[in-house]
Amino acid sequence: VILIRASNLERTALCCGSHWACEGIPYQSSPEADEGTLLHKACEVERWDEDVLTGEQISTVNRAIEIREKLMTRLFGQDKVLRQKEVFYKALRIGVSGKTDFLATSEKMALSVDYKFGRGDVEDAESNLQIRTYAVLAVLSGRIKPTVEDIYVAIIQPRVSNEPTLCRYTREDIDRAIKDIVSIREAAEPMGAPRTPSPQACRFCPASGTERCPESQVMIELVSRDIAPVPQKMALLLTAAKLAEPAIKRIRDAARAIISHGGEIPGWILEPNSDRAHVTDVMTGFNLLGEWITPQQYADSCRVTFGELEKQYREHHGCTWDEAKREVRKRLGPVIEMRSVAPSLKQDDRKVETDGKRE
Ligand code: SF4
């Protein structure tokens with residue numbers, strides 16, 4: 001029986017051939033992944049050296065712990081709770097493995113927590129296969145008492161929201177999830193399982209663009225071909241372009257890593273960028289400029305950043321991002337002017353064939 005990591009399950013469901021295509025490819029870290037590991041560790045041990053984490057990282061970790069503790073009080077109240085951190089588990093019977101960042105169990109319920117430290121959208125616990133698998137792993141690990149009927153899984157994304165996204169699973173849900181996992185694993189088990197490129201599947205797939213996956217190479221190659229961008233071909237070309245983006249990024253990241261570790265790439269160097277000047281104290285800056293500029297002229301040359309104002313508001317009031325956003329915009333209402341922005345090109349969530357016909 002093959003063993004699929006919970007974090008790879010979504011990709012394997014979309015492309016069952018990806019399991020064997022990625023087998024043995026060494027893990028390649030990234031600055032984002034390294035930071036994630038650092039912050040997960042800080043949440044686990046709940047202490048850190050001040051010079052290891054930045055001020056922003058410390059407040060992020062503190063907020064993650066605070067969100068978790070509020071949730072614990074909300075769910076468990078005064079009940080006696082057993083807390084476990086970083087639970088690794090391999091469910092060999094169904095062929096899946098994974099790590100729960102935090103697990104709390106009582107006689108009646110269990111809570112599995114997954115921290116995410118990205119700044120992107122809030123992840124939806126309900127439709128997240130990885131999260132559902134953590135609930136399954138917690139049950140199969142035997143760490144949840146047979147008396148427990150409700151298994152909660154929470155995603156805590158402290159850089160995005162003060163509210164965790166929460167999903168409740170019953171024992172029946174877990175049984176259904178196990179069946180889903182087994183069918184994904186069974187489809188992935190044969191060595192010849194088909195590889196099916198798609199932007200969603202290939203985005204983080206280490207086989208993308210390599211000889212492990214000729215199908216993705218064909219798609220990526222399309223981008224460099226001189227194909228007329230006629231409407232009938234656009235869906236295919238856009239899919240190919242989406243596939244090419246992470247592969248290109250991976251090549252650039254690998255080149256940067258080689259050169260910065262002393263290696264050589266003929267014809268390429270790492271050219272240092274000139275440092276950007278940044279005014280650290282806007283008020284003092286105005287005084288230093290002298291008489292020639294009026295306060296209005298100076299204000300016109302400064303830019304108000306919503307993100308920064310919302311961050312300050314949120315830190316001051318301890319509210320959620322949504323509340324900070326709403327309140328800052330409400331207060332600034334009289335001086336806000338909306339400017340139109342060109343629409344973004346976005347893939348339709350409904351399934352579309354590559355020749356442009358809707359199914
Ligand atoms: S690159 Fe895409 S098509 Fe190829 S194995 Fe990975 S997910 Fe599947």
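As the structure lists them, so they are numbered: ligands from 1, and atoms in each ligand from 1. Not measured: the values here are computed from a predicted model.
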Any atoms of ligand 1 less than 4.0 Å from a non-hydrogen atom of T196? List them with their elements. 3 (S)

Tell me: protein heavy atom nearest atom 6 (Fe) of ligand 1, and distance? C205 SG, 2.3 Å

Is there a donor-acceptor pair closer than 3.5 Å between any side-chain N or O of S161 and the backbone N or O of E163? yes

Looking only at protein heavy atoms, which one is nearest to atom 4 (Fe) of ligand 1, and what is the separation? C213 SG, 2.3 Å

Please list the nearest protein heavy atom to atom 1 (S) of ligand 1 with its residue and the distance rounded to 0.1 Å. S208 CA, 3.4 Å

For ligand 1, does A21 get within less than 4.0 Å through its side chain, its backbone, both, or neither, judged by non-hydrogen atoms? side chain

So the atoms of ligand 1 within less than 4.0 Å of a heavy atom of A201 turn out to be 7 (S)

Check ligand 1 against C15 and write out every atom of the ligand that is under 4.0 Å from a heavy-atom position of the residue. 3 (S), 5 (S), 7 (S), 8 (Fe)

Under a 3.5 Å distance rule, please check whether E308 uses its side chain to pair with a backbone N or O of T305 as donor and acceptor. no

Knowing that exactly one of T73, I156, D101 qualifies, which makes a side chain to side chain contact (heavy atoms under 4.5 Å, CB included) with R68? I156

Note: D173-R132 ion pair, threshold 4.0 Å (strictly below): no

Using modelled atom types only, decide if a donor and an acceptor are shared between the side chain of E189 and the backbone of I2 within a distance under 3.5 Å. yes

Check for a donor-acceptor pair, side chain of R5 on one end and backbone N or O of S97 on the other, with a separation under 3.5 Å. no

Are any N, O or S atoms from C202 nearer to atom 2 (Fe) of ligand 1 than 2.8 Å? yes

